[in-house]
Amino acid sequence: MVHLSARSLLLAAGILPNLAYGAGLDTAAAAIGKLYFGTATDNPELTDTAYVSQLNNTADFGQITPGNSQKWDATEPSQNTFTFANGDTIAKLAEANGQKLRCHNLVWHNQLPSWVTSGTWTNATLVAALKNHITNVVTHYKGQCYAWDVVNEALNEDGTYRTSIWYETIGEAYIPIAFATAAAADPNVKLYYNDYNIEYSGSKATGAANIVKLIQSYGVKVDGVGLQSHFIVGSTPSQSNQASTMASYTALGVEVAITELDIRMTLPSTDALLAQQSTDYSSTVGACVETKGCVGITIWDWTDKYSWVPSTFSGQGAACPWDANFVKKPAYTGILTALGGTATATSTTTATTVSTSTTSSSTSTSTGVAAHWGQCGGLGWTGPTVCASGYTCTYSNDWYSQCL
Ligand SMILES: O[C@@H]1[C@@H](O)[C@H](O[C@@H]2CO[C@@H](O[C@@H]3CO[C@@H](O)[C@H](O)[C@H]3O)[C@H](O)[C@H]2O)OC[C@H]1O
């Protein structure tokens, strides 16, 4: 007697998507109820046609985060003079592809222009400057962002407040002030506190939970905690610790997301390090998968070619799921498997041809994919309903579709 698994039966009945065919990271994430799998990007690399081709691959990336172009130094380099061109380029790319935009960030101690860091401030004048910045930036992107990282990295490692122009001049109230100002400018966008080393239990995670409680105590909206997850191969917190820490945030009534995932190693990379990296990506993604309130995962750029790691951590790199030649590493398979997908190839990027224009509003077209779950429609699908020449968008049920 042949025993079929529940998954096999559901697959046979057409109820579950068969992720073995052309599954990408976002396709797999969507199939298990996550809102997105996405990546950060940055304006300089958008001149790289092959890079943009994969960035536009919505099977892998259903969400984009601008790595730098929405930060304070980029958006308000001089007081009350706002520049949105670079941020808009990425926002339009995401919109053209039907990808969600995570917006990053409004208040941070880094990448501030000198008029902020060297200004002579009183509590009142800095609060006014803070509110003016947030109001202008959030209003500009109103309706375009799924979420804003409102406050980034307010904590020291021991969970106390980091010394910054914001904390020194305004005190902890700068945090609820920032969230309230963002909420007033765009009532519908999700508002996140975002930090690193808050992915596992300890003082800093407790500090992050206390920030959520602080904002709530002011009667101000806070929707999520962003777990940056800049990890090191072999030192990644266990899946169970990451999951229980996520649960400690969702217990406060907020969602969580992995917002800047990369897992770096001391170079040169070896097969053993790449295998361990795959395991580490898998356990981290697995923590989000098993946490109902974990809505999505963003990697901090998808290729080692443009990773921020080598320039920031001397001697380290190879942190992304694709190598510098855009070849998928074992980490890709580790992520896909954790998302419930089945890898069919590990050596090449998905053959998806797209427009490299970052300003065009035309839709992208997928080619060379005979059957591609979730690529052309279904409930909740916001991307283009376009199949490659010779294929037709065919619905197998309300949620999933294929170009057949
Ligand atoms: O010279 C600068 C260059 O240093 C700058 O690098 C960026 C620094 O920020 C990186 O993102 C952060 C990484 O982790 C968390 O701490 C933050 O939340 C992220 O914003 C980004 O990837 C780097 O490119 O870029 C601009 C250059 O002028």
Side-chain angles (χ1 to χ4, degrees), residues 29 32-38 40 63 65 102 104-105 108 146-162 172 175 179 190-217 221-264 276-300 319 331 334-335 337-340:
I32 57 168
K34 300 300 174 188
L35 293 182
Y36 59 82
F37 189 97
Q63 175 272 322
T65 303
R102 280 199 93 260
H104 173 84
N105 60 54
W108 194 23
Y146 167 73
W148 264 109
D149 291 327
V150 178
V151 173
N152 202 35
E153 301 176 359
L155 293 168
N156 293 315
E157 292 308 294
D158 65 0
T160 60
Y161 287 113
R162 179 192 291 277
E172 69 178 10
I175 298 174
F179 275 78
K190 302 277 186 190
L191 304 179
Y192 271 63
Y193 175 72
N194 190 51
D195 211 331
Y196 61 90
N197 291 350
I198 61 166
E199 305 86 358
Y200 51 91
S201 55
S203 304
K204 197 168 183 183
T206 303
N210 286 339
I211 282 178
V212 173
K213 292 176 193 169
L214 173 79
I215 299 164
Q216 291 171 335
S217 76
K221 184 171 105 95
V222 51
D223 298 297
V225 175
L227 312 173
Q228 290 185 7
S229 308
H230 293 297
F231 290 146
I232 298 171
V233 167
S235 301
T236 301
S238 70
Q239 179 168 332
S240 61
N241 194 329
Q242 291 187 64
S244 63
T245 306
M246 288 177 183
S248 72
Y249 302 129
T250 59
L252 301 175
V254 297
E255 64 186 40
V256 297
I258 295 176
T259 54
E260 304 186 19
L261 177 59
D262 52 23
I263 308 183
R264 62 186 184 267
Q276 182 63 48
Q277 183 183 51
S278 179
T279 300
D280 294 342
Y281 264 105
S282 182
S283 60
T284 299
V285 170
C288 181
V289 169
E290 71 172 89
T291 303
K292 189 165 181 287
C294 184
V295 298
I297 298 155
T298 308
I299 48 177
W300 206 241
I335 297 170
T337 305
L339 291 169

Minimum-distance pair of heavy atoms, taken over all atoms of Ala338 and Ser282
CB-O, 3.5 Å
Does the [X] side chain pair with the main chain of [Y], one donor and one acceptor, at a distance under 3.5 Å?
{"X": "Ser283", "Y": "Asp280", "result": "yes"}
{"X": "Asn152", "Y": "Trp108", "result": "no"}
{"X": "Asp158", "Y": "Thr160", "result": "yes"}
{"X": "Thr291", "Y": "Ala287", "result": "yes"}
{"X": "Tyr193", "Y": "Ala154", "result": "yes"}
{"X": "Lys34", "Y": "Cys288", "result": "yes"}
{"X": "Glu255", "Y": "Gly293", "result": "no"}

Give the C-alpha distance, both sets of side-chain angles, the deciding distance and a yes or no for salt bridge (charged side-chain N to carboxylate O under 4.0 Å, His left out) between Arg264 and Asp262.
CA-CA 6 Å; Arg264 62 186 184 267; Asp262 52 23; 5.1 Å; no
[X] side chain near [Y] side chain, heavy-atom distance below 4.5 Å:
{"X": "Thr284", "Y": "Gln239", "answer": "no"}
{"X": "Ser203", "Y": "Glu157", "answer": "no"}
{"X": "Ile175", "Y": "Ile211", "answer": "yes"}
{"X": "Asn105", "Y": "Val150", "answer": "no"}
{"X": "Val256", "Y": "Thr245", "answer": "no"}
{"X": "Tyr36", "Y": "Ile297", "answer": "no"}
{"X": "Val285", "Y": "Leu339", "answer": "yes"}
{"X": "Thr259", "Y": "Leu227", "answer": "no"}

In residues 231-238, what donor-acceptor pairs under 3.5 Å come from side-chain atoms, sequence neighbours left out?
{"unit_1": "Thr236", "atom_1": "OG1", "unit_2": "Ile232", "atom_2": "O", "d": "3.4"}
{"unit_1": "Ser238", "atom_1": "OG", "unit_2": "Ser240", "atom_2": "OG", "d": "3.3"}
{"unit_1": "Ser238", "atom_1": "OG", "unit_2": "Asn241", "atom_2": "N", "d": "3.1"}

Output the distance between atom [atom1] ([X]) and atom [atom2] ([Y]), rounded to the nearest 0.5 Å.
{"X": "Ile263", "Y": "Gln276", "atom1": "CD1", "atom2": "CD", "value": "9.5 Å"}
{"X": "Tyr200", "Y": "Ser248", "atom1": "OH", "atom2": "OG", "value": "13.5 Å"}
{"X": "Glu172", "Y": "Asn210", "atom1": "CD", "atom2": "CG", "value": "9.5 Å"}
{"X": "Lys221", "Y": "Leu191", "atom1": "NZ", "atom2": "CG", "value": "4.5 Å"}
{"X": "Trp300", "Y": "Leu261", "atom1": "CH2", "atom2": "CG", "value": "11.5 Å"}
{"X": "Thr337", "Y": "Tyr281", "atom1": "OG1", "atom2": "OH", "value": "14.5 Å"}

With no hydrogens and no angle check, just 3.5 Å: does a side-chain donor-acceptor pair link [X] and [Y]?
{"X": "Glu153", "Y": "Gln228", "answer": "yes"}
{"X": "Glu260", "Y": "Tyr196", "answer": "no"}
{"X": "Thr279", "Y": "Gln277", "answer": "no"}
{"X": "Gln63", "Y": "Tyr146", "answer": "no"}

Worked check of side chain to side chain contact (heavy atoms under 4.5 Å, CB included) between Val151 and Phe179:
CA-CA 8 Å; Val151 173; Phe179 275 78; 3.7 Å; yes
Are any of the side-chain nitrogens in Asp149 or Arg102 under 4.0 Å away from the carboxylate oxygens of its partner?
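Arg102 and Asp149: salt-bridged.
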Non-neighbouring partners of Val212 that pass side-chain contact (heavy atoms from CB on, under 4.5 Å), sequence neighbours left out:
Gln216, Val222, Val225, Leu252, Val254
